[in-house]
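Working notes, structure below.
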Amino acid sequence: MKKRYLSAVSLAVGLISNQVYAADCSAVNTYPDWPQKNWQGQPSHAGAGDKLVHNNTLYQAKWWTSSEPGTGSAWQYLGRCDTGVHITPVEKYGRLQVCGTGLCSESNQRIQLRGMSSHGLQWHGLGKCLTDKSLDVLSYDWQADVLRLSLYVQEGGYETDPVGFTNQMHTLIEMASARGLYVLVDWHQLDPGDPNYNVEAAKTFFTEIVTKHKHRNNLIYDIANEPNGVPWSAVRHYAEQVIPVIRNIQPNALIMVGTHGWSTFGASMSDGDLQDVIDDPVPFDNIMYTFHFYAAAHTDYHRNMLDRASDIFPVFVSEFGTQHYTGGGANDFVSSQKYIDLMARKKISWTNWNYSDDPLSGAAFKVGSCASQNFADSELKEAGAWIKAKILEGR
Ligand code: IDC
């Protein structure tokens, strides 16, 4: 078992991947042993810049304060002292690869990754629901293996500020990598549903991302979130344009392709089917196909599709919810559990929608959690508590 304590400096610049991200808490007072004493020599407060350890967490006062570390805006979160995680997912599994119809570790063991998808980075991204604190919670409390970073192309996403969103993606990749998480880079095309509409932007984006991160062993590229309104042939055509761009830079990159009918192998469209992909698969190796479901709306028919498709192809469930496909409404945990069981049995990896505090029932946290940076269990919605338990199961 290894456990490493790295200096805050090396971590802050994000140079180190695959290693436990822990704050250096040595020589720091533990709350309520305040660094500043009153005239009688009693502990009384912290001054600007003072550090305190509280609940196994390192905080720094931004200004004079006598408030409890971690509460209110006076405290800057600096990290966990002891992460409690002895070995990270990337340390455990190394570079991933497709093996037959499965996903395998570097040493060729069939594995299942479980984790969360972010919400759209333009709404709930860096500095909001994705911070050092929230990623520590995801890594060390939830013990997730993987974080999906959802970069919408439209709806105020990438197309409005390519440089800004590419930079945000770089930063988030560094933050997740520092915690030894796998990172699923999600090109979240959605409306329009034809991925070809954004093909030039996709080539630019992936060129920049893959070039900068090709030395890492923990990235997975999802080149099309949910193709819709187009037949499989259009998706396949798109994949043929984008995959070589990535592979020219990183030949062994693990790549995922969405499928027709909002990534359901056609199950959610009247004239699409799994057979379309069987007849004309993407002509590259080390490829996975994605399947998405929302368990309250997509029941036996879709579950059966996932079962059939995963017998034939490597499948990654890169998005699912325990509710309706609007991302809201009542949770159907009975249907959801059937999917969880199927995915466990077949070692199908998954990321759940979503790690944010948006008002819908599918967001893991209650509204306001991101603003207050409180990601404790008390802040979880019903779906968040349920999915956290599923990620932790058997750890
Ligand atoms: C939803 C979000 C919601 C947002 C909407 C449109 O939860 O806040 O207003 O997108 O951008 C998907 C999509 C995913 C959807 C999700 C729930 O990939 O972007 O998120 N969903 O509707 N496919 C099926 C369901």
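When a residue number appears, it is its place in the shown sequence, counting from 1. Both ligands and their constituent atoms are indexed starting at 1 by order of listing.
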| request: Classify the ring geometry between Tyr182 and Tyr93 as parallel (under 30°), tilted (30 to 60°) or perpendicular (over 60°). | output: parallel
| said: Applying the ring-ring contact (aromatic ring centres under 6.0 Å, His included) criterion to His298, which one of Phe293, Tyr339, Tyr325 satisfies it? | reply: Tyr325
| Close side-chain approach of Leu219 to Gln250, heavy-atom, < 4.5 Å | no
Ligand 1: protein N/O within less than 3.5 Å of ligand N/O:
unit_1: ligand 1; atom_1: 7 (O); unit_2: Trp353; atom_2: NE1; d: 3.2
unit_1: ligand 1; atom_1: 8 (O); unit_2: His119; atom_2: NE2; d: 3.0
unit_1: ligand 1; atom_1: 8 (O); unit_2: Asp358; atom_2: OD2; d: 3.2
unit_1: ligand 1; atom_1: 10 (O); unit_2: Tyr152; atom_2: OH; d: 3.0
unit_1: ligand 1; atom_1: 11 (O); unit_2: Tyr152; atom_2: OH; d: 2.9
unit_1: ligand 1; atom_1: 11 (O); unit_2: Glu155; atom_2: OE1; d: 2.7
unit_1: ligand 1; atom_1: 11 (O); unit_2: Glu155; atom_2: OE2; d: 3.1
unit_1: ligand 1; atom_1: 18 (O); unit_2: His188; atom_2: NE2; d: 3.3
unit_1: ligand 1; atom_1: 18 (O); unit_2: Asn225; atom_2: ND2; d: 3.2
unit_1: ligand 1; atom_1: 18 (O); unit_2: Glu226; atom_2: OE2; d: 3.4
unit_1: ligand 1; atom_1: 18 (O); unit_2: Glu319; atom_2: OE1; d: 2.8
unit_1: ligand 1; atom_1: 18 (O); unit_2: Glu319; atom_2: OE2; d: 3.0
unit_1: ligand 1; atom_1: 19 (O); unit_2: Tyr152; atom_2: OH; d: 2.7
unit_1: ligand 1; atom_1: 19 (O); unit_2: His188; atom_2: NE2; d: 2.8
unit_1: ligand 1; atom_1: 20 (O); unit_2: Trp353; atom_2: NE1; d: 3.4
unit_1: ligand 1; atom_1: 21 (N); unit_2: Tyr294; atom_2: OH; d: 3.4
unit_1: ligand 1; atom_1: 21 (N); unit_2: Glu319; atom_2: OE2; d: 3.2
unit_1: ligand 1; atom_1: 22 (O); unit_2: Tyr325; atom_2: O; d: 2.7
unit_1: ligand 1; atom_1: 22 (O); unit_2: Thr326; atom_2: O; d: 3.1
unit_1: ligand 1; atom_1: 23 (N); unit_2: Glu226; atom_2: OE1; d: 2.7
unit_1: ligand 1; atom_1: 23 (N); unit_2: Glu226; atom_2: OE2; d: 2.7
unit_1: ligand 1; atom_1: 23 (N); unit_2: Glu319; atom_2: OE2; d: 3.3

| For the side chain to side chain donor-acceptor pair (under 3.5 Å) test, which of Glu159, Lys203, Gln154 pairs with Asn198? | Gln154
| Which of parallel (below 30°), tilted (30 to 60°) and perpendicular (above 60°) describes Tyr289 and Phe313? | tilted
| said: For Asp357, is there an ion pair with Lys366 - N to carboxylate O distance below 4.0 angstrom? | reply: no
